[in-house]
Protein chains: 2
Amino acid sequence: MPEQPVRARLVDVAHAAGVSKATVSKVLNGREDLMVRPETRRRVHEAAEALGYRPHSGARALAGASTHALALLIPALDNPTYVTIARGAYQRARELGYLSLLAEDFDGQEADDSFNDLVQESRVDGLLIASARPGHPLLETLSHSRVPHVFLNRSVEGSGRNVTMDVARSSVTALDHLYGLGHRSVGHIAGPAGITPSEVRKEAFLHHAGALGLDAAPVASGDFTEDGGGAAARELLRPAAGGTRPPVTALYTSSLAQAIGAMAAIRELGLRIPEDISVVGNDDLPVAAHLHPPLTTVAMPLYELGTAAVDALVATIENRPTGDVVVPTEPRLVLRGSTAGPAEPGGTP
Amino acid sequence: MPEQPVRARLVDVAHAAGVSKATVSKVLNGREDLMVRPETRRRVHEAAEALGYRPHSGARALAGASTHALALLIPALDNPTYVTIARGAYQRARELGYLSLLAEDFDGQEADDSFNDLVQESRVDGLLIASARPGHPLLETLSHSRVPHVFLNRSVEGSGRNVTMDVARSSVTALDHLYGLGHRSVGHIAGPAGITPSEVRKEAFLHHAGALGLDAAPVASGDFTEDGGGAAARELLRPAAGGTRPPVTALYTSSLAQAIGAMAAIRELGLRIPEDISVVGNDDLPVAAHLHPPLTTVAMPLYELGTAAVDALVATIENRPTGDVVVPTEPRLVLRGSTAGPAEPGGTP
DNA sequence: AAGTTTCAGTCAACCGGTTTCCCTGGACGG
DNA sequence: CCGTCCAGGGAAACCGGTTGACTGAAACTT
């Protein structure tokens with residue numbers, strides 16, 4: 001026979017357990033101030049279980065002013081980086097009794113839509129914002145509201161709500177690897193200006209390049225896309241006036257997509273990977289292993305970023321703000337075929 | 001000065017407009033059976049606008065049994081195919097006054113979680129299911145419930161709720177292209193058994209290969225991933241007993257990731273693309289243009305699939321079921337560098 | 001002119017929870 | 001033996017919308 005076709009309500013559970021609505025509500029929400037006999041509690045739980053009771057989220061939101069849901073705003077869904085973050089967030093939210101919803105925020109406009117649909121209509125209790133950037137319309141909106149929120153990955157200076165990774169460390173890791181292979185001229189493909197992790201990565205790159213005493217450490221910026229990476233790579237590989245060899249022997253990119261675009265550009269220039277140019281990308285994702293050649297990457301703790309952001313947001317919602325948080329897991333180098341020692345300066349075929 | 005810090009409620013709008021709650025509700029919901037003077041309607045709209053009124057979704061859901069939200073269940077977020085579908089769905093939903101939420105359903109377990117969190121707790125009015133497959137737990141769950149839903153991309157036979165693309169046509173398009181280049185032996189890398197579009201694509205491939213009179217049209221199955229494509233490619237390219245040349249001169253894959261994996265495998269076998277083996281992938285996404293060589297693909301109308309699915313679901317919710325729907329837009333060949341005429345049979349270097 | 005429609009809106013019940021305050025009965029102290 | 005106290009639980013007032021029954025006035029009928 002089919003299951004009960006109608007939803008069980010709180011009152012149904014109450015009736016089945018022989019208690020009142022109030023008691024069921026207290027028991028199921030595990031309130032601390034509860035004065036309920038273990039025996040009664042058991043009956044309530046059994047009745048709820050038997051009836052397959054699930055509270056009506058709307059009713060809860062209405063009565064309790066809490067939806068038990070969060071929303072994660074990410075800048076681009078087709079960037080698999082954010083997918084990993086989203087999975088971490090979803091999982092951790094679930095463990096804490098929240099539902100994590102996903103919203104794409106290409107470039108600000110969608111953020112306001114999402115804000116309206118999700119926050120203003122009380123569908124969520126708080127926001128995880130991965131799409132922040134200077135001048136983002138949402139920042140202004142948020143300053144007028146009391147909605148709990150944290151910024152992840154892309155931080156907002158002085159907000160005290162940033163959850164980030166040790167991005168600077170990723171530059172050090174990548175550079176140490178290339179230096180160890182013998183590279184003394186390394187180019188960096190940075191992300192767009194104004195985006196925090198991109199800036200930090202660039203600064204750390206330049207700083208560490210100085211510390212290592214590299215011969216050259218040029219930087220070019222581009223979108224986090226394949227095209228952005230390709231254009232930046234062409235810029236960095238252009239031989240100096242009068243020269244014929246590219247000024248660098250290795251490239252370190254800010255995103256995986258940039259690395260893919262850079263690799264394509266390198267080949268179009270008639271150069272080989274890794275014989276002529278080594279490439280290191282950021283963020284290790286499955287596709288990196290299947291490129292030609294397989295891409296050496298710096299794996300960032302993306303999943304943990306998602307979980308940490310949820311922890312911080314839930315803490316904020318419960319009035320225990322955490323301040324800025326940095327995920328403790330360190331970036332890890334994943335060695336593959338796109339890096340090798342540089343060619344001998346004079347040894348061109 | 002900061003905006004009004006407290007939400008405006010329906011009653012606030014009513015008061016501001018000098019009418020009753022009921023009137024405001026009717027006006028704002030644009031009900032057809034409304035008897036409201038244009039003048040009154042204008043006042044209500046102005047008041048709502050001035051107060052920045054947004055209805056409380058929970059209250060609406062409670063009172064009207066309608067949440068104005070849908071959920072899209074997709075099998076893997078890191079498959080950009082589904083991202084395009086999701087964008088189409090989100091946009092169309094918005095146009096129809098719905099909010100489209102995204103949920104990932106790796107392999108069934110998550111589907112039940114989502115079902116509980118979203119449907120059982122009345123957060124959504126209906127489900128767009130892109131993750132169906134035979135034996136999927138959700139199918140059983142759905143049969144016990146009255147939740148409006150449609151299946152997209154992956155269909156469920158006999159459900160009368162399928163929204164699909166002309167997948168068979170994509171095989172024809174790919175095969176015609178390869179045939180036109182001179183290929184007479186083409187291999188097909190299919191998706192896992194039981195997944196509808198995969199099956200249909202395979203059948204269409206075999207059928208059209210027969211119609212064209214190809215010399216050989218072997219098929220191998222694999223996951224929709226890079227690894228799945230790589231393994232299947234190795235299988236299809238294994239020379240016949242005693243032979244040294246691969247039995248096919250071209251490969252046609254079911255997904256973009258498979259094509260990437262296949263390309264890697266082809267190279268590992270010491271073969272060139274497209275000189276030795278041509279490759280055609282399914283679904284055109286930005287990364288295809290940046291592979292080495294750029295990948296020729298069959299572009300499927302993914303965005304339209306998303307919009308059509310929402311149309312069908314909303315129709316179902318409003319008691320106007322549509323029956324199975326096929327998106328009219330035809331697959332389109334995107335010509336790039338991974339396809340060329342086959343090498344001369346005897347012309348090996 | 002009185003009765004009937006139609007029009008334009010209002011009233012109030014209800015949706016399914018949460019929460020505050022109040023009630024009750026038994027244990028306990030004096 | 002009676003008053004107090006408190007653990008255990010219940011009654012009822014919300015939360016913010018939606019909806020159908022109902023009403024008062026204006027416009028038609030005849």
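A, B, ... follow the sequence lines: proteins, then strands. Residue 1 opens every chain. As the structure is a computational prediction, the values presented were derived from the model and not from experiment.
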Whole angstrom value for the distance that separates P of D:dA11 from NE2 of A:H15
12 Å
Measure from CZ on B:R54 to P on D:dG16 and round the result to the nearest Å.
17 Å
Separation of D:dG9 atom C1' from A:L28 atom CG, nearest Å, is 15 Å
Run the numbers on B:R43 and B:E46 for salt bridge (charged side-chain N to carboxylate O under 4.0 Å, His left out), then give the verdict.
CA-CA 5 Å; B:R43 282 213 320 280; B:E46 277 175 6; over 6 Å; no
Rounded to whole angstroms, how far apart are CG on B:L10 and C1' on D:dC15?
13 Å
So how far off straight is the helix from C:dA1-D:dT30 to C:dG30-D:dC1, going by the axes through five pairs at either end, to 10°?
50°
Do any side-chain atoms of residues 67-76 of chain B form donor-acceptor pairs under 3.5 angstrom with protein atoms, and if so which ones, sequence neighbours left out?
| from | atom 1 | to | atom 2 | distance (Å) |
| --- | --- | --- | --- | --- |
| B:T67 | OG1 | B:A69 | N | 3.2 |
| B:T67 | OG1 | B:R123 | O | 3.4 |
| B:T67 | OG1 | B:D125 | N | 3.2 |
| B:T67 | OG1 | B:D125 | OD1 | 2.7 |

Please give, in whole Å, the distance from C:dG16 C1' to B:H56 NE2?
13 Å
A quick test of your reading: do over 12 heavy atoms of other residues, nucleotides or ligands sit less than 6.0 Å from NE2 of A:H45?
yes
Just to confirm, is there a sub-4.0 Å distance from OP1 or OP2 of C:dT18 to any side-chain nitrogen or oxygen of A:R60?
yes
Report the C-alpha distance between A:L152 and A:Y82 in whole Å, list the side-chain angles of each, state the deciding distance to 0.1 Å, and finish with yes or no for side-chain contact (heavy atoms from CB on, under 4.5 Å).
CA-CA 11 Å; A:L152 60 153; A:Y82 290 103; over 6 Å; no
With sequence neighbours left out, which residue pairs that include part of residues 78-89 of chain A fulfil the salt bridge (charged side-chain N to carboxylate O under 4.0 Å, His left out) condition?
A:D78-B:R87, A:R87-B:D78, A:R87-B:E104
What is the distance from CG of B:N29 to P of D:dG20, rounded to the nearest Å?
13 Å
Let me know the distance between CZ of B:R123 and C1' of C:dG16, rounded to the nearest Å.
14 Å
Crowded around B:E39 CD? As in, over 12 foreign heavy atoms under 6.0 Å?
yes
For a quick check, with a 4.0 angstrom heavy-atom cut-off, what is the B/S/- contact string for nucleotides 5-14 of chain C, read 5' to 3'?
---BSBB---
So do the side chains of B:Q91 and B:Y303 get within less than 4.5 Å of each other, counting heavy atoms only?
yes
Rounding to an integer number of Å, can you tell me how far B:L62 CG sits from D:dT19 C1'?
13 Å
Please check the phosphate of C:dG17 (OP1 and OP2 only) for any side-chain N or O of A:Y53 closer than 4.0 Å.
yes
Pair listing, salt bridge (charged side-chain N to carboxylate O under 4.0 Å, His left out) test, anchored in residues 12-26 of chain A, at least two apart:
A:R9-A:D12
Choosing from C:dC15, C:dG17, D:dG17, which nucleotide comes nearest the side chain of B:R7?
D:dG17
Can you sort out the partners of A:T307 under side-chain hydrogen bond (donor to acceptor under 3.5 Å, both in side chains), two or more places apart, ordered by chain and number?
none
